[in-house]
Amino acid sequence: MSQTDFSVRVASVTPVAETIKRFRFERVDGEALPIFSGGAHIVVSMKDGSVTRRNAYSLMSDPADPSGYEISVAKAEESRGGSVFMHEKVKVGDVLTISAPVNLFSPDWRGRKHILIAGGIGITPFMSMMAQFDKAGVAFELHYAVRERARGAYLEDLVARYGSARVKTYVSEEGTRIPLEDILTRQPLGTHLYVCGPDRLIAGVLDAGRDAGWPDYNLHAEHFLTPPPGKPFSVELTRSGKTVAVGEHESILEALEAAGVDAPYLCRGGACGQCETGVAACEGILLHNDLFLSDDEKASGKKIMICVSRFEGQRVALEL
Amino acid sequence: MLVEPIKSRPVYKGITVDPRARRHIFVLEGEGANALLEQKDKLTPAILAETDILYVARGSVGRGYEEALAALDAGSDWTAPTVETLLFRLKVVLGSADMGTRLYIAGTEGFIGQAMQIALDAGMDYSAIPTEHRGSLARRVQCVHCKGITENVTTSPFTCTHCGLSLFVRDHYSRRIGAFQGVIIDAEEPGNVPEPEELYL
Amino acid sequence: MAIVFRQETFRDDFTYRNSPENIRRFPFPFPDDNYMYSVNMEPHVKGAAGTVFENLIDVDEHYISEMADRALVLKADPLRYQALPHMMQAQWDTLELLMEQQAAGYPEHFTLEKNGDRWRWINRPLGIDDTFTFGDLTTLPMEPLEYISRQTQGDITIVDQRDNNLWMDAGMVTTQADWSLDFDVGMNFMEWHGPVPLAHQQGVFERALKFLLNMQLGKPIRRYNWTMTINPRLDTSPENYPKWGKDRTTVTPENVGDKVHLRVEVQTLWRLPRSNALLFVIRCYLMNMSELVTVPKWANRFHRVLGSLPTELVDYKGITRYRDVTVEWLSKYDDGAPTSAGTFPD
């Protein structure tokens, strides 16, 4: 456990919608957790038998409240185990380890207005953001789309808290959709837009924004990248001299951790660059899945982000 | 072309009309008019209908572009008598502009810097504003001592038009101020001022 | 143990001196006999008693006099304090961090009492006892950053993080080595380091930026920087260069010991909680050559470092005029013996 990890007890588990549960964590030693910034996430470590799973979740509680952290977990259909474990195994009173908050989706505080677009569980980072905007008197509006009402977390709560002028909800089963064109036109200079949710929603919103003439700079997205599965392979480590097998549903980072190799990470989603690792030898193809390395860096074959990227071929050696 | 590797100086990458923008505001000084005129073939009637041109000649340089710009038949086309009046109108125009607006700036570095300040104040980010350097290499310089700005500096050292100190021009640029930094040259040996060199013509 | 604060000046008659105890805790920055620019970042964790790392925000015998000098600088030039409007949340983060660290490190001098958002701050050396509401600007006599930086040794800048870069969007800078906050405010990391020679080509700043962007809450880091200053003058700003530039021509073989100072910056960098901004505390320590040579290891090493400094850096640091005479003076104190590892006195 590094010095900025915290041992926490599950204080409550609350079903909020079909397939979505909210978890509240409080420190085992009773001390305060760090205050954080809207859009931040934590990494939750779960001991599942002999396996330690680590998943990143956006914090959704009030950032100014150090008494506990809250996250919402959707039970993923193609779960790699983390969300299923949270849903089925984690009970009130259990002890877990969480990281200090990290923010890779911070709002641009210069913004004169902030438009938040959420799809499904993508609502969570906006909940902490809105608490900060509201307190600071910053203009914002939320457009929140869910597939069906029964799966929509916090629909009524958010309208009640921030009012129907600032919070608009859409239910695709009921035929209501986010009116992107209306939202994107006539916004004053200095407006920033943030989108979080499924890849298709993100791509659609970013594209609509560019089509409405918005500069890329003002369009922000949080991708929930999960390590994609792939063919098993093994990696040689030049510093430790180990060879580690990477399974079909496992990232290189997870395989290294399981083998007791210490590797750096922050986001575990291909975004932050912390786990960038040098490639010492490569006979085959590096399958780059991250958002961090430039196209040139990816083509060079000298670096890999071990949290999401994979390998296919005869032999790969990493500088670890 | 400005090729010196000054890390704090903005890179003026050149202007290309962004067909996805819903409105285009061109702010042009002197020979900067060419930055727009040279891409005539990309200016469809639909783009031109949503285009506003704010133009100012640069002293005796850049006269004669009025007619060429007028011939584009843009949505609006205005020639300002001075840089100051142009900046004043730009401020009003941006005050009611929306996120679909693209601002393009072309002219000397000092002009780009001043128009950029108006745009930043209006809430735009500099990275979303295409710029193109045209014309003289004269610099706009702020005296770090009295904070006064001297326009069209072509030599180093030069005399601050506000406090009268002899300043050398440091290769350090502030976007917020829209100027290079001028620092006294004879602080260590008062009166020992080298001959001015014409560096920025 | 309570610090005995000195009454001294950093201008005019320059009465600033270090006590023998303070000399031994000076943050001598050179790990080798040769100098090379490097990122040299390390975790900012508490160090041994009797060093400047005994507490995470260091307060020493010069505290009261440094704060008095800062007030004089601000009176003459209020532009030394700058904060862009979007940095208010980061200002409160900074106030909290500096109050908590000073109160934790020096309970006999500083006390912070929190009762919800109602806070009481007692600063005994400066005779301050204020009660205010955290987050409510109207309850402080000035903006939070200005308030706390008038009570903290060292320059302070707050950098905003956005678009994979860091932006110097607020600060209090009165003890700087020749850079202007008023000019640099609003610049990004690459821009404000623009004038530094050599390092850009070596990719130093790219690596440093990447590291800083991923800095975590609760894991501050520190690095050293250094230059030299004639007379113990804290405010060597470009703004006031007409006032201090002449000092550089006054060095003679007879007065090197008193006039020539090693100026060390210990920069501590912190992730801030509410704003996700980074706080840079740039603490300046001054020590004249006569004080420096009282530590034989430092006399040997500094003589060698200064003698081997590349010309670009000699010029950039502004020490061209008096480097040679200082090296000559120091040579009398270099016994030629190898120096021990590390930076601390033997």
Side-chain angles (χ1 to χ4, degrees), chain A residues 39 104-117 129 133 136-143 166 168 178-195 202-221 291-292 294-296, chain B residues 10-27 42-44 46-52 54 74-75 87 89-105 115-132 174-176:
Chain A
L104 301 171
F105 194 45
S106 185
D108 188 326
W109 283 100
R110 298 169 310 161
R112 296 182 178 190
K113 180 178 177 183
H114 303 269
I115 296 174
L116 316 175
I117 299 184
M129 255 189 223
F133 288 150
V138 173
F140 74 90
E141 57 188 53
L142 170 72
H143 298 272
R166 288 194 288 182
K168 315 272 190 205
I178 302 176
L180 281 177
E181 175 66 20
D182 289 352
I183 294 167
L184 289 161
T185 48
R186 301 211 172 284
Q187 293 293 352
L189 289 181
T191 305
H192 284 260
L193 180 148
Y194 311 82
V195 55
I202 291 175
V205 169
L206 295 181
D207 215 40
R210 292 184 194 113
D211 271 339
W214 283 53
D216 279 338
Y217 187 85
N218 294 60
L219 300 169
H220 313 268
L291 304 163
F292 181 80
S294 67
D295 289 345
D296 285 349
Chain B
V11 181
Y12 308 107
K13 290 184 186 149
I15 286 175
T16 313
V17 177
D18 181 351
R20 289 173 118 172
R22 302 233 171 138
R23 184 182 177 197
H24 309 268
I25 300 175
F26 285 90
V27 180
K42 293 195 193 94
L43 302 171
T44 63
I47 289 176
L48 280 166
E50 299 301 329
T51 294
D52 302 291
L54 282 70
L87 295 175
R89 180 174 293 215
L90 176 61
K91 191 175 181 150
V92 175
V93 169
L94 293 182
S96 60
D98 64 37
M99 288 302 296
T101 304
R102 193 74 69 254
L103 174 68
Y104 309 84
I105 310 172
M116 185 65 79
Q117 282 181 300
I118 305 277
L120 299 181
D121 285 347
M124 302 180 94
D125 190 87
Y126 79 95
S127 66
I129 302 171
T131 53
E132 186 159 329
S174 163
R175 193 179 300 112
R176 188 181 72 93

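Please read these numbers as outputs of a predicted model, since none were measured by experiment. Note on naming: letters A, B, ... go to the chains in the order of the sequence lines (proteins, then strands), and numbering restarts at 1 for each one.
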B/L94 portion near chain A, given a 4.5 angstrom heavy-atom threshold: both
Validation row: A/D211, B/R20 side chains within 4.5 angstrom (heavy atoms): yes
Any A/L193 side-chain heavy atom under 4.5 Å of B/M99 side chain: no
Residue B/K42 excluded, over 12 heavy atoms near NZ under 6.0 Å: yes
NZ (B/K91) with more than 12 external heavy atoms under 6.0 Å: no
Contact winner vs chain B - A/G209, A/G111, A/P188, heavy-atom pairs under 4.5 Å: A/P188
Winner by heavy-atom pair count (cut-off under 4.5 Å) against chain A, out of B/G95, B/A128, B/A122, B/S127: B/A122
Residues which pass side chain to side chain contact (heavy atoms under 4.5 Å, CB included) with B/V93, listed by chain and number, not counting sequence neighbours: B/R23, B/I25, B/R89
Residues forming a side chain to side chain contact (heavy atoms under 4.5 Å, CB included) with A/D216, sequence neighbours excluded: A/R210, A/L219
Euclidean distance, A/L189 CG relative to B/D121 CG, rounded to 0.5 Å: 12.0 Å
Spacing of B/L120 atom CG and A/R110 atom CZ [to the nearest 0.5 Å]: 8.5 Å
Side-chain donor/acceptor of B/R102 to backbone N/O of A/G213, under 3.5 Å: yes
